[in-house]
Amino acid sequence: MSFPLLTATAALPAIGAIVTAAVPAAQRTVAKWVALFFSLGTLVLAGIVFARFEPGGDRYQLTESKAWIADFGVRYELGVDGIGVALLGLTALLIPFVIVAGWHDADPLETKSSRWRPTQGFFALILMVEAMVILSFLATDVFLFYILFEAMLIPMYFLIGGFGDRAHAGSDENASKQRSYAAVKFLLYNLAGGLIMLAAVIGLYVVAGSFSLSEIAAARADGTLEMATSTERWLFLGFFLAFAIKAPLWPLHTWLPNAMGEATAPVAVLITAIVDKVGTFAMLRFCLGLFPEASKWATPVVIALALVSIVYGALLAVGQRDIKRLIAYASISHFGFIILGIFAMTSQGQSGATLYMVNHGISTAALLLVAGFLITRRGSRLIADYGGVQKVAPVLAGTFLIGGLATLSLPGLAPFVSEFLVLVGTFSAYPVAGIIATSGIVLAAIYVLVLYQRTMTGPVAESVRTMPDLKARELVVAVPLIALLLLLGVFPKPLTEVVNPAVKHTMSDVQKKDPQPEVEAAK
């Protein structure tokens with residue numbers, strides 16, 4: 001039997017979570033290094049998966065399949081395609097940075113709430129989330145995916161509610177209530193979507209007789225599986241609603257600003273750069289793959305919602321006074337671009353959407369983590385409490401600026417490539433939608449540059465006069481992320497080579513071809 005590489009890649013962080021949690025309470029530093037070691041080991045295995053993946057090969061590669069709950073037809077079935085391997089790489093890459101950035105976030109406080117900050121638990125929960133997210137990108141059994149989709153909510157709930165931002169430590173009781181509210185709202189929204197999805201998963205099994213993507217695809221190809229139009233649409237809506245909450249898509253987005261605002265910066269990265277990508281990934285793999293006709297039927301409405309997300313998220317970001325909530329609303333706008341690219345049903349749009357998932361993850365991680373370093377120094381998330389930081393901490397200001405420029409998709413940085421492809425793919429199929437979406441670019445320039453101007457330029461605020469610049473540990477986080485933004489901005493080929501064949505399979509599922517440009521005949 002060949003080595004189960006995919007299982008090993010997902011199992012290693014889960015094992016790391018158990019080992020980290022088992023470290024004695026007094027050995028907090030040991031627990032941190034153990035967590036970092038396992039996250040780096042997972043990155044190595046993810047690199048091997050990426051290296052062994054053949055872009056021109058089978059749709060799902062390195063497959064594994066074992067009977068799990070035989071009486072219900074549930075299998076432990078894994079396989080990786082080009083989209084999954086790109087997001088696997090993103091997840092494995094970001095987790096070590098999340099751990100290093102949060103090195104002191106769970107250290108005990110000299111308050112009554114310190115009992116809620118066991119260092120071992122904090123890092124164990126991060127590794128457990130990593131394991132579940134990786135498995136969700138690899139699962140080719142619908143029921144297995146559903147279990148992971150729901151299970152990852154539990155460690156995220158504790159990370160948000162139990163290890164919140166310390167920026168408002170002056171009102172500990174009020175801060176605790178806000179964290180609890182944000183965690184419960186996150187959990188309820190996503191659980192509600194998951195319950196609706198469970199009904200759709202059961203309905204799919206009743207109709208198809210299987211949870212396996214490969215078996216369902218084979219049955220559809222040989223004509224033995226036929227879904228009534230109304231049935232397919234109802235099942236599509238059940239899946240899509242859950243993914244739209246996770247993504248998040250307007251108007252199901254309201255949990256995200258609360259969760260990101262109250263979480264520590266590394267956990268906020270975990271939410272928006274990693275966990276939320278499961279929603280947009282699942283739209284490609286499950287909505288378009290399982291329900292192609294319903295996906296085309298829903299396209300006009302989904303595109304309209306995506307456009308609202310783009311403009312609405314950007315407008316609210318412009319008006320924010322809280323740094324982390326500004327980044328949260330900016331992410332809602334960016335997820336609108338991703339969903340727009342997916343449902344434009346063009347190869348450029350879907351390739352751009354997949355690249356956007358990766359590039360948004362890196363750029364948001366860079367901006368959020370540097371913002372976290374800034375907030376930790378000052379003890380405030382309010383923009384008005386800063387000013388002139390670039391004069392006292394120029395390296396911090398410089399890395400913050402590059403992260404912000406990546407967020408507004410400046411040419412030469414990674415997000416520009418993906419946003420350009422999304423807009424090109426959308427404009428070729430839906431010109432009006434493409435024109436409206438470009439307004440998001442203008443608004444992004446406003447909220448990013450205004451944020452930088454108010455925090456980093458101008459007279460030095462008295463509260464930041466003695467602010468130290470980035471330290472070695474923080475540079476280890478910021479510099480590689482910025483280097484990746486530059487590298488993928490000028491050389492995206494390593495990603496496009498693995499993504500494009502997978503996009504062709506998705507386009508084949510929905511039986512769509514790229515619109516041909518109209519060329520006026522020469523006179």
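Any value given below was found using the heavy atoms of this structure, including those in side chains, with hydrogens, waters and symmetry copies removed. Numbers here simply count residues along the sequence, with the first being 1. Keep in mind that what you see is a predicted model, and the values were worked out from it rather than measured.
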Any donor-acceptor pair under 3.5 Å linking the side chain of [X] with the backbone of [Y]?
X: Glu262; Y: Ala183; value: no
X: Trp250; Y: Gly336; value: no
X: His334; Y: Thr407; value: yes

Quiz prompt | Heavy atoms from other residues, nucleotides or ligands near OH of Tyr205 exceed 12 (cutoff 6.0 Å) | solution = yes
Exercise. Apply side chain to side chain contact (heavy atoms under 4.5 Å, CB included) to the pair Ser309 and Ile339, showing each step before the final yes or no.
Key: CA-CA 10 Å; Ser309 287; Ile339 296 170; over 6 Å; no
Are side-chain heavy atoms of [X] and [Y] found at a separation under 4.5 Å?
X: Met283; Y: Val302; result: no
X: Val275; Y: Lys246; result: yes
X: Leu153; Y: Phe186; result: yes
X: Phe149; Y: Ser136; result: no

Self-check item: All side-chain contact (heavy atoms from CB on, under 4.5 Å) counterparts of Thr20, not counting sequence neighbours
Solution: Ala31, Val34, Ala35, Phe123, Ala124, Leu127
Quiz item: So Leu87 and Val358, side chain to side chain contact (heavy atoms under 4.5 Å, CB included) or not? Walk me through it.
Solution: CA-CA 6 Å; Leu87 293 174; Val358 176; 4.2 Å; yes
Quiz item: Any chance the side chains of Ser210 and Ser212 put a donor and an acceptor closer than 3.5 Å?
Solution: no
Quiz prompt | Glu64 and Thr7: side chain donor to acceptor below 3.5 Å | solution = yes
Quiz item: If you take all heavy atoms of Val417 and Gly489, which pair is closest and at what distance?
Solution: CG2-O, 3.8 Å
